[in-house]
Amino acid sequence: FGSSGERLAVATALGVWTAEIPGAAPEMQLFEGQNGAWSAAFSPDGRLIAGGGDDGSVAVWDVTSGEQVARLENHLYPVSALAWSTDGRWVASGDWSGIVRVWAAETWSEYRVLPTDERIERLRFDGSQLTALSVETSTTWDVEANSVLSQSRRTEDLGNNTDVTFDERRAFWDETAGVVEIWDNGEQIAMLEGFSSGGGGVAFVVIEKN
């Protein structure tokens with residue numbers, strides 16, 4: 001999602017699609033030219049979108065005009081994860097081989113190369129700290145200092161989370177019954193039904209309200 005929550009990006013075999021939401025018939029836009037995309041991320045101000053290509057490129061487009069403003073090429077494998085720093089200074093990209101590259105958005109030049117041993121599944125920034133999540137490991141760097149802060153084995157499942165908690169709340173997928181149960185402080189508060197196939201995963205999202 002973009003920063004306003006009104007625009008959604010989806011990486012597909014054709015390229016990166018964006019959609020204006022909500023709406024019964026959202027306006028769709030396709031950004032292509034990378035032999036398909038594996039990842040997508042909006043800039044913090046929502047004006048740009050980056051796509052991680054199957055061809056190993058990172059393409060950056062102006063969301064409004066659709067013009068490609070940068071094409072970053074140094075990855076040798078598909079770019080499976082992308083993240084922008086919250087101040088918009090950097091774009092991080094991770095590929096199937098475990099290489100993370102950090103690009104300076106002011107010049108679109110490569111700023112850091114941060115190697116790991118596994119395919120990168122997710123990237124996230126916290127100030128100048130960048131965390132790369134793979135299937136089994138989590139690595140955090142200080143990008144500015146170019147130093148590793150921590151590296152550990154992962155304990156959380158990246159994809160098919162069938163039982164998650166947040167504060168006192170718990171949501172889990174009951175595959176036998178085909179429902180999602182939501183509990184709060186030990187009391188069941190909701191049951192989501194009507195699923196027609198096996199569950200992929202459940203997750204909580206924090207929404208800050210002004």
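At a threshold of 4.5 Å between non-hydrogen side-chain atoms, the residues Thr116 and Thr137 do not count as touching. The shortest distance between side-chain heavy atoms of Val79 and Arg101 does not fall below 4.5 Å. Between Leu130 and Trp90 there is no side-chain heavy-atom pair separated by less than 4.5 Å. Within the 4.5 Å cutoff, the side chain of Ile49 has heavy atoms near those of the Thr18 side chain. Contact of the Val102 side chain with the Leu114 side chain is registered, since non-hydrogen atoms from C-beta on lie closer than 4.5 Å. Counting only heavy atoms from C-beta outward, the side chains of Gln29 and Glu20 never approach each other to under 4.5 Å.
Residue Arg119 qualifies as enclosed at atom CZ: its count of foreign heavy atoms under 6.0 Å is above 12. No more than 12 heavy atoms of other residues, nucleotides or ligands sit less than 6.0 Å from atom OH of Tyr77. Counting heavy-atom neighbours within 6.0 Å of Asp117 CG, excluding the residue itself, gives a total of 12 or less. Around CD of Gln188, the count of heavy atoms belonging to other residues, nucleotides or ligands within 6.0 Å exceeds 12.
Put simply, the side chain of Ser138 never gets that close to the backbone of Ser152: no donor and acceptor are under 3.5 Å apart. Although no hydrogens or angles enter the test, the distance criterion places no donor-acceptor pair under 3.5 Å between the side chain of Trp17 and the main chain of Met28. A donor-acceptor pair is defined here as one N or O able to donate and one able to accept, closer than 3.5 Å; such a pair exists between the side chain of Gln34 and the backbone of Ser57. Although no hydrogens or angles enter the test, the distance criterion places a donor-acceptor pair under 3.5 Å between the side chain of Arg112 and the main chain of Glu144. When atom types are taken as modelled, the side chain of Thr12 and the backbone of Leu14 share a donor-acceptor pair closer than 3.5 angstrom. The closest donor-acceptor contact from the side chain of Glu110 to the backbone of Asn74 lies at 3.5 Å or more, if one exists at all.
For the side-chain hydrogen bond (donor to acceptor under 3.5 Å, both in side chains) test, residues two or more places apart in sequence or in another chain that qualify with Trp38 are Asp54.
The shortest non-hydrogen separation linking Phe125 to Val143 is CE2-CG2, 4.0 Å. Contact detail for Ala41 and Leu82: the closest heavy-atom pair is CB-CB, 4.0 Å. A pairwise comparison of heavy atoms in Val58 and Ser93 identifies CG2-CB, 3.7 Å as the closest pair. A pairwise comparison of heavy atoms in Ile99 and His75 identifies O-CE1, 3.6 Å as the closest pair.
To the nearest 0.5 angstrom, Ser80 atom OG is 8.0 Å from Trp96 atom CH2. Interatomic distance, Ser128 OG to Asp142 CG, rounded to the nearest 0.5 Å: 4.0 Å. Residue Leu192 holds its CG atom at 4.5 Å from CD1 of Ile182, rounded to the nearest 0.5 Å.
Judged purely by distance below 3.5 Å, without hydrogens or angles, the side chains of Gln151 and Thr139 pair a donor atom with an acceptor atom. Side chain to side chain, Glu118 and Ser134 meet the donor-acceptor criterion of an N or O pair below 3.5 Å.
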Test side-chain contact (heavy atoms from CB on, under 4.5 Å) applied to Trp61 and Val16, step by step: CA-CA 10 Å; Trp61 296 276; Val16 177; 4.3 Å; yes
Derivation of the side-chain hydrogen bond (donor to acceptor under 3.5 Å, both in side chains) call for Thr140 and Thr131: CA-CA 4 Å; Thr140 300; Thr131 298; 2.8 Å; yes
